[in-house]
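Note sheet for the following structure.
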Amino acid sequence: MLGRPAGDAAGRLLRHRRPLRDLPHGAARVRRLPGGDRARARPLPPVPRHHEGADGEREGRRRPRGRARGHQGARRGGGAADARGGRRHQRPLRPPRRRRAHPARPGAARRPPRRPAELRRRRAPAGRAVRRPRLGGRGRPPGRGALPPRRHPLASRSPADRIRPHPEGPPVPPTPRVRFAPAPSGWLHVGSVRTALFNWLHARGNDGVAIFRIEDTDASRATAASMDAMHDAMAWLGLDWDEGVRAGGAYGPYRQSERKDLHRAVARRLEETGVLYRDERTAEELEAWRNERRAADLPPIVKRSTTPPPAGDDRTATLRLQLPDEGTTTISDLVRGDVTWDWAHESDPVLVRSNGDVTYPLANSVDDVAQGVTLVCRGEDLLSVTPRQVFLYDLLTRDGLIDDALAEVGLPAREPDWTVPSGFAHLSMIVGMDRKKLSKRHGSVSIQEFARKGFLPETIVNYLALLGWGPEDGRERLDRDELVAAFSFDRVSRSAAAFDTDKLTAFNGERIRDLDGTELAHRLVPYLDGTYPPSNETTEDDAPDGEGGPVADWEPLVSTPPTDEELAILRGLVPLVQERMQRLDEVQRYAPAFFVDELALDQASVDKVLGKPGAADVLRAAHRELADLDAWTTEAIEGALRPLSEELGIGFGKVAQPVRVAVTGSQVSPPLFESVELMPRGRVLARIEAAIPVAEAAGSGD
RNA sequence: GCUCCCGUCGUCCAGCGGCCUAGGACGCCGCCCUCUCAAGGCGGUAACGAGGGUUCAAAUCCCUUCGGGAGUACCA
């Protein structure tokens, strides 16, 4: 704990007081000036086709009114914190502003004006600290002691450079730019998809730009296949990206491995400014050193002061970034509030490996700054890496270092109103129902797997949005547009969320029921034509239908593409199955009877139903009645079968079940009369006829 | 170990000092409907981790404690 004294009452009151020189480092307090630069209404990138969205002008947003959840009340944080809160409250309302709408944006015209979520946090009564107060005293000039000698990040420019008033009114903040930056080492799983989704929602809901960057610093791990799979998954989910490997964009390249020149140029410039130092120890030596330190009860924190000075020029060495030795840094996290670290506990990160490659901390920060990212939304596992990134942001933008580097390597220049990422949102982890890390058992397979299992992309998006977030009005079923309109980081939960396949499945069932019949028919085709064959590797956890059973010799039921005749049958089948399906792949259980001639009877059903006394009589009677029918309609069929109950002196259930097994092959099926109607009469009669000896055999067996 | 994060029904979300004998959803249980299975309708079950404090009043604020998670790499 940061200097937490023994918890006596007196100590409590003073607990967070620190000497002024320990105040947060300047780099961490980079923060958009009130009413920063005006965003320019640039045309946004090309439109993906799958959103024939409402085109139209969008209204500008109002100034944020809320204060950050992490805001510290005056009672603890001292005057500086209070001043900051006050500033937020005093921001002027901005008049509506016209700008070009993103044509691809769904619901653009309908959405009410919103304030940018970077600046929006849970509202709190004035004067009350909503979150546990952290170290106070923010907002004063940067401390000394740490090197290099530094100025305030904005000090080298005149205020006029930073605040450019709108000719017709108050300034507006820059366009939000968010990025989803996965490593391409595998396929997308639900955790990364949720991160992507939240980024996307924030961009779409705030007139922002969504960037999809591949973070393949270690290029060997990026396969074309996995990159393709990720893009396909995004397309399937309906998350379109304005800039990225596939979408293109003005600030590429969007594969990190293609930006190596930039990273190296930046590293060289950083080295020239003296903020980097050589560490000649090998990984083994470092490991040994750490063990020593631990043994001596000293923290294994790498600092320049504890690093042996470079011996020879020829030795290979890593380049580390010298972080401050003391003081603290605080970031404002949109979901976590203010988080403070003590520099004394932060190891100097390696920015350049001994082989000359740059590391993630450098590449990530450089690209975020170079691409004008305004909000970094990512997994909680990256929270602890934030201080050094924030520190780097300052260095990168000081005296135009990054701009010079970009120019040097011929990459697109940054926009004049770009500063550095000013907001963070660290999303909690998604865990399994057992609170353990998500694994295959929990359904944490690739997102494509969910498609195969019959989940609708809309369901995934809806459910994932609700994992760790909920709209103010408590709605649970929201479509993409509604999510965009309602989403904001200030309602994102801080605690880990468990992935509940049951709830996802229930959501999916509801959505299936909502689908238009023709639409559903088309969506079912992939489960019938062999695109998504039935799965038989069902685990205990995620196999809702225990009776489905493995399907070894499954064969496609329709051709690719389906014939008109097949489509007609499917279209007729849809109303019968729509309200009893939770997942699209369940159609595979119902469909065979309607598509094949040779029907294999389910043995359990035969035993249980056809084996009952009188079953054969029922079948004979049913055959007789159906054969005599004039019209082959549901009503006629019902009129033929229902009276059998009275004729034979048994309940109708006893009549229906044998016929059901004979005609559909199973004791579980869509409604009987409708099912019979959907099949040709000849086939129905033949099946009943064929079942009679089976029933006789089963009935005499015991 | 150290640093940081988190802690309301089994699960997700609500709750922002009195509207909380804690609300909604999924699950589960029961009933209704019913030709099977579903769907649908109705009802029920079930939580503020613990202990102190502040307050007329605490799930909400403070402290401690316990529990969980992440990080602690020349991975990202």
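These numbers were taken from a predicted model, which means no experiment stands behind them. Proteins come first, then strands; the chains are lettered A, B, ... in the order of their sequence lines, and each starts at number 1.
Nucleotides B:A25 and B:G44 have their P atoms positioned 12 Å apart, rounded to a whole Å. Comparing the C1' positions of B:A58 and B:C20 gives a spacing of 11 Å, expressed to the nearest Å. Using P as the reference atom, B:U8 and B:U55 are 28 Å apart when rounded to the nearest Å. Using atom P as the reference point in both B:C6 and B:G23, the two lie 27 Å apart (nearest Å). Using C1' as the reference atom, B:C9 and B:A47 are 4 Å apart when rounded to the nearest Å. With P as the reference atom, B:U21 and B:C29 are 31 Å apart, rounded to whole Å. Taking the C1' atoms as reference points, B:A38 lies 13 Å from B:C33, given to the whole Å. Here, B:U11 and B:G53 have their C1' atoms 33 Å apart, quoted to the whole Å.
We find that CH2 of A:Trp341 is positioned 14 Å from C1' of B:U72, with the value rounded to whole Å. For A:Arg491 and B:C16, the CZ to C1' distance is 11 Å, given to the nearest whole Å. Atom CG in A:Leu515 sits roughly 17 Å away from atom P in B:A39 (whole-Å rounding). Counting to the nearest Å, the P atom of B:A38 and the CZ atom of A:Arg660 are 12 Å from each other. Between A:Asn291 atom CG and B:U72 atom C1' there is a gap of 13 Å when expressed in whole angstrom units. Rounded to an integer number of Å, the gap from CZ of A:Arg435 to P of B:C9 is 9 Å. Going from atom CD of A:Glu579 over to atom P of B:U34 covers 15 Å, rounded to whole Å. For the pair A:Glu380 CD and B:G7 P, the interatomic distance rounds to 10 Å; values are reported in whole Å.
Across all strands shown, nothing is found opposite B:A39 as a Watson-Crick or G-U wobble partner with both distances under 3.5 Å. When both pairing distances are held under 3.5 Å, B:C16 makes no Watson-Crick or G-U pair with any nucleotide shown. Base pairing of B:G71: its partner is B:C2, meeting the Watson-Crick or G-U wobble criterion (both donor-acceptor distances under 3.5 Å). Shown here, B:C61 forms a base pair with B:G53; the pair counts as Watson-Crick or G-U wobble because both key distances fall under 3.5 Å. Across all strands shown, B:C66 forms a Watson-Crick or G-U wobble pair with B:G7, both key distances being under 3.5 Å. Across all strands shown, B:C33 has no partner, as no Watson-Crick or G-U wobble contact with both distances under 3.5 Å is found.
Considering only side-chain atoms of A:Met429, the nucleotide from B:G71, B:C35, B:G69 that sits closest is B:G69. Distances were taken from every side-chain heavy atom of A:His345 (C-beta onward) to each of B:C2, B:A76, B:G1; the shortest belongs to B:C2. With B:G1, B:C37, B:C12 as the choices, the nucleotide that has an atom nearest any side-chain atom of A:Pro300 turns out to be B:G1. The side chain of A:Ala498 has B:C12 as its nearest neighbour among B:C12, B:A76, B:U36. When each of B:C12, B:C5, B:G1 is scored by its nearest atom to the side-chain atoms of A:Val339, the top-ranked nucleotide is B:C5. The side chain of A:Arg336 sits closest to B:C5 out of B:C5, B:C35, B:C37. Which of B:C35, B:C5, B:A70 sits closest to the side chain of A:Leu383 comes down to B:C5.
Without hydrogens or angle criteria, A:Lys303 side chain to A:Ala344 main chain gives no donor-acceptor distance under 3.5 Å. Checked by atom type and distance alone, the side chain of A:Arg213 never pairs as donor or acceptor with a backbone atom of A:Tyr254 at under 3.5 Å. With hydrogens and angles ignored, the 3.5 Å screen pairs a side-chain donor or acceptor of A:Ser192 with a backbone N or O of A:His189. Between the side chain of A:Tyr277 and the main chain of A:Gln322, no donor-acceptor pair closer than 3.5 Å is present.
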Worksheet item: Could you go step by step and tell me if A:Phe212 and A:Arg179 meet the side chain to side chain contact (heavy atoms under 4.5 Å, CB included) rule?
Response: CA-CA 6 Å; A:Phe212 192 147; A:Arg179 102 275 131 122; over 6 Å; no
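Counted by atom type alone, A:Arg378 and A:Asn199 present zero donor-acceptor pairs between their side chains at under 3.5 Å.
Looking at residues two or more places apart in sequence or on another chain, you find a ring pair (Phe, Tyr, Trp, His ring centres under 6.0 Å) between A:Phe198 and A:Phe487. Legend: residues meeting side-chain hydrogen bond (donor to acceptor under 3.5 Å, both in side chains) with A:Gln657, ordered by chain and number and at least two apart, are A:Arg660.
For the pair A:Tyr463 and A:Ser495, both in contact range of RNA chain B, the more 5′-proximal nearest nucleotide belongs to A:Ser495. Along RNA chain B, the nucleotide nearest to A:Val385 and the one nearest to A:Phe673 differ in position, and the one closer to the 5' end is contacted by A:Phe673.
Counting any heavy atom pair closer than 4.0 Å across all strands shown, A:Gly379 reaches no nucleic acid atom. Note on A:Ile301: nothing from the nucleic acid sits closer than 4.0 angstrom, heavy atoms only. Contacts of A:Arg388 with the nucleic acid, taken as non-hydrogen atoms under 4.0 Å apart, include base atoms.
At least one side-chain nitrogen or oxygen of A:Arg494 sits closer than 4.0 Å to the OP1 or OP2 atom of B:C6. When the side-chain nitrogen and oxygen atoms of A:Ser669 are compared with OP1 and OP2 of B:U36, none of them lie within a distance under 4.0 Å. Note on A:Arg580: every side-chain N or O is 4.0 Å or more away from OP1 and OP2 of B:G40. At least one side-chain nitrogen or oxygen of A:Arg320 sits closer than 4.0 Å to the OP1 or OP2 atom of B:C74. Between B:C2 and A:Arg294, no contact under 4.0 Å exists linking OP1 or OP2 to a side-chain N or O.
Taking the six-membered ring for Trp, A:Trp343 and A:Phe391 have ring centres closer than 6.0 Å. Taking the centre of each ring, A:Phe499 and A:Tyr463 come in below the 6.0 Å mark.
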Worksheet item: Can you give one letter per nucleotide of nucleotides 24-32 of chain B, 5' to 3': B if a protein heavy atom sits under 4.0 Å from the base, S if only from the sugar-phosphate, - if neither?
Response: BBBS-----
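A pairwise comparison of heavy atoms in A:Gln256 and A:Asp216 identifies N-OD1, 3.1 Å as the closest pair.
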